[in-house]
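Here the structure is laid out as structure tokens; the discussion comes afterwards.
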2 protein chains.
Amino acid sequence: MSSTGESVTEGKGRLSELDIEAIEMFINFFKLIGLPKSVGEIYGLLFVATRPLAMDDLMERLQISLGAASQGLKLLRAVGAVKVVYTPGERRDRYVADLELSRFASSFIKEELRPRLERSLQRIERMEGLAEAMSPKERKAAFERIDRLKHWMEKGQKMMPWILKFLVR
Amino acid sequence: MSSTGESVTEGKGRLSELDIEAIEMFINFFKLIGLPKSVGEIYGLLFVATRPLAMDDLMERLQISLGAASQGLKLLRAVGAVKVVYTPGERRDRYVADLELSRFASSFIKEELRPRLERSLQRIERMEGLAEAMSPKERKAAFERIDRLKHWMEKGQKMMPWILKFLVR
DNA sequence: CATTTGATTCAATAAAAAATGAAATGAATG
DNA sequence: CATTCATTTCATTTTTTATTGAATCAAATG
């Protein structure tokens, strides 16, 4: 094996410099959207791997615990970023990274962003209810602020499908 | 004062139900982009307020510490979400929320997202350097993965100006 | 230019989030 | 159907992040 070239991706060795660079990229990216380091590591290693990896591989190569590996995979599966590969005649599952960003992003939007927006819109309705009960003068000021909020939310809502469209392909 | 209507926004009272609803919205929103609760509270109260507030007001009404108020305002100012209002014949500064989402979002993209992407692209260059040093067989596999990464990054980079354009206005 | 008042900094503390690993669960094998 | 191996769960520990407030700094006032 050459000194830089030995990708842990093959065989059982340590992680190569290249692997580490790539994994760090994913750690950063996942942190950005609020996911823990271990999740980024797992996805990164799977992304970089040339074949499906089992949980043991992840634990050994990333030096993470059983629990972290299991929970990280659970999350990544739930979000569609990682797929299970059933190998016939093999007891344990193996995992691969889904390379299509779009699926991942769209599930992030569907499961994280959209519900939040919806809760916000409900909240605005409740606020409008509260404002109704105010004196005319107060009501006017209240509705001004509520309308500003609404404006924000609607903008956000309009934008999301577009981002999705852009990502998907 | 009516029971629901007394907005702390005016005078020195407690926060009204309406104020609290609005502030909670901002806490959620700010959490989404990884900012602490206190920052969301501050922006929320300023958003909801009908006139500029001083640091004391924030501390008193939100029940946060001196440090939290100062640091939160510092961050919000840096990011363009809050402006200082100098009142002539007034010793302390007063603050208002900048209501234009666009400015805020664009500074977030400029200061958080874009630098990250740039670092990622640099990282990819480094990775290409590492891959050059590999055996032909390994190099091929490495470049395959690197190209996948590049694809992601370029997509992200292309999308950002568009999102900005959508937000600004 | 001494004093007062408002704002910032930062070391200490509190709170929240993530990681660990032992125990429970589930499922394949002989 | 007992055993073994893989995975999940979850109470505990560790790490990270946010908050506090005393000490410092800055700048306006008299």
Side-chain angles (χ1 to χ4, degrees), chain A residues 12 23-24 26-46 51-79 81-96 112, chain B residues 12 23-24 26-46 51-79 81-96 112:
Chain A
K12 287 256 158 197
I23 292 170
E24 274 172 359
F26 282 104
I27 292 175
N28 288 339
F29 175 70
F30 278 65
K31 269 226 193 88
L32 180 63
I33 58 178
L35 296 175
K37 186 180 158 187
S38 66
V39 173
E41 286 179 305
I42 294 170
Y43 185 83
L45 180 51
L46 292 176
R51 57 189 177 70
L53 300 180
M55 236 173 71
D56 301 16
D57 299 323
L58 297 173
M59 288 165 61
E60 191 196 320
R61 290 170 186 174
L62 297 171
Q63 300 282 12
I64 59 176
S65 71
L66 191 61
S70 175
Q71 303 220 102
L73 283 170
K74 187 182 172 186
L75 189 157
L76 287 166
R77 255 159 23 217
V79 109
V82 158
K83 298 281 175 249
V84 185
V85 178
Y86 302 96
T87 320
E90 249 272 315
R91 204 136 160 190
R92 46 195 191 157
D93 286 337
R94 294 179 169 272
Y95 304 91
V96 290
E112 292 288 317
Chain B
K12 288 257 161 196
I23 291 170
E24 274 171 359
F26 282 104
I27 292 174
N28 288 339
F29 175 70
F30 278 65
K31 270 226 194 87
L32 179 64
I33 58 175
L35 295 176
K37 186 180 157 189
S38 65
V39 173
E41 286 179 304
I42 294 170
Y43 186 83
L45 180 50
L46 291 177
R51 57 188 175 72
L53 300 180
M55 237 173 71
D56 302 17
D57 300 323
L58 297 173
M59 287 165 60
E60 191 197 320
R61 290 171 188 173
L62 298 171
Q63 300 284 13
I64 60 177
S65 71
L66 191 60
S70 175
Q71 302 216 108
L73 283 171
K74 186 182 171 186
L75 190 157
L76 287 167
R77 252 158 25 215
V79 110
V82 158
K83 298 279 175 250
V84 186
V85 179
Y86 302 97
T87 320
E90 248 274 312
R91 203 136 158 187
R92 42 192 194 160
D93 286 337
R94 294 180 168 271
Y95 303 91
V96 289
E112 292 289 315

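Here is the naming used below: chain letters follow the sequence lines, and residue numbers restart at 1 for every chain.
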| task | Starting at the 5' end of nucleotides 20-30 of chain D, put B wherever the base has a protein heavy atom under 4.0 Å, S where only the sugar-phosphate does, and a dash everywhere else. | result | BBB----BBS-

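With sequence neighbours excluded, the residues satisfying side-chain contact (heavy atoms from CB on, under 4.5 Å) with B:Phe29 are A:Trp152, B:Phe104. Not counting sequence neighbours, the partners of A:Asp93 by the side-chain contact (heavy atoms from CB on, under 4.5 Å) test are A:Val84, A:Tyr86, A:Tyr95. Taking A:Ala69 as the reference, A:Met55, A:Met59, A:Ile64 meet the side-chain contact (heavy atoms from CB on, under 4.5 Å) condition, with sequence neighbours excluded. With sequence neighbours left out, the side-chain contact (heavy atoms from CB on, under 4.5 Å) criterion links B:Lys83 to B:Val96, B:Asp98.
The interatomic distance linking B:Leu73 (CG) with C:dT9 (C1') rounds to 15 Å, in whole Å. The distance between atom CG of B:Asp93 and atom C1' of C:dT8, rounded to the nearest whole Å, is 12 Å. Counting to the nearest Å, the P atom of D:dT4 and the CZ atom of A:Arg92 are 18 Å from each other. Residue B:Leu76 contributes atom CG, which lies 16 Å from atom C1' of C:dT8 at whole-angstrom precision. Counting to the nearest Å, the P atom of D:dT17 and the CG atom of B:Leu75 are 15 Å from each other. Whole-Å rounding puts the B:Glu60 CD to C:dG6 P distance at 13 Å. Atom CE in B:Met55 sits about 11 Å away from atom P in C:dT9, given to the nearest Å. As rounded to whole Å, 10 Å separates atom C1' of D:dT7 from atom CG of A:Asp56.
When heavy atoms are screened at a 4.0 angstrom cut-off, A:Ser38 is found touching the sugar-phosphate backbone but no base atom.
Minimum interatomic distance between A:Arg94 and A:Pro52 (heavy atoms only, all atoms of both residues): NH1-O, 3.1 Å. Counting all heavy atoms, side chain and backbone alike, B:Gly72 lies closest to B:Val39 at CA-CG2, 4.1 Å.
Taking side-chain N and O atoms only, A:Arg77 has a distance below 4.0 Å to OP1 or OP2 of D:dT8. In this structure, B:Lys74 reaches the C:dT9 phosphate: one of its side-chain N or O atoms is under 4.0 Å from OP1 or OP2.
Judged by closest nucleotide on DNA chain D, A:Ala69 is the one of A:Ala69 and B:Gly34 placed further toward the 5' end. Comparing A:Lys37 and B:Ala54 against DNA chain C, the residue whose closest nucleotide sits nearer the 5' end is B:Ala54.
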| said: Go through it in stages, so that I can follow the logic: the residues are B:Leu35 and B:Leu76, the test is side-chain contact (heavy atoms from CB on, under 4.5 Å), and I'd like the CA-CA distance, side-chain angles, deciding distance and then a yes or no. | reply: CA-CA 10 Å; B:Leu35 295 176; B:Leu76 287 167; 5.7 Å; no

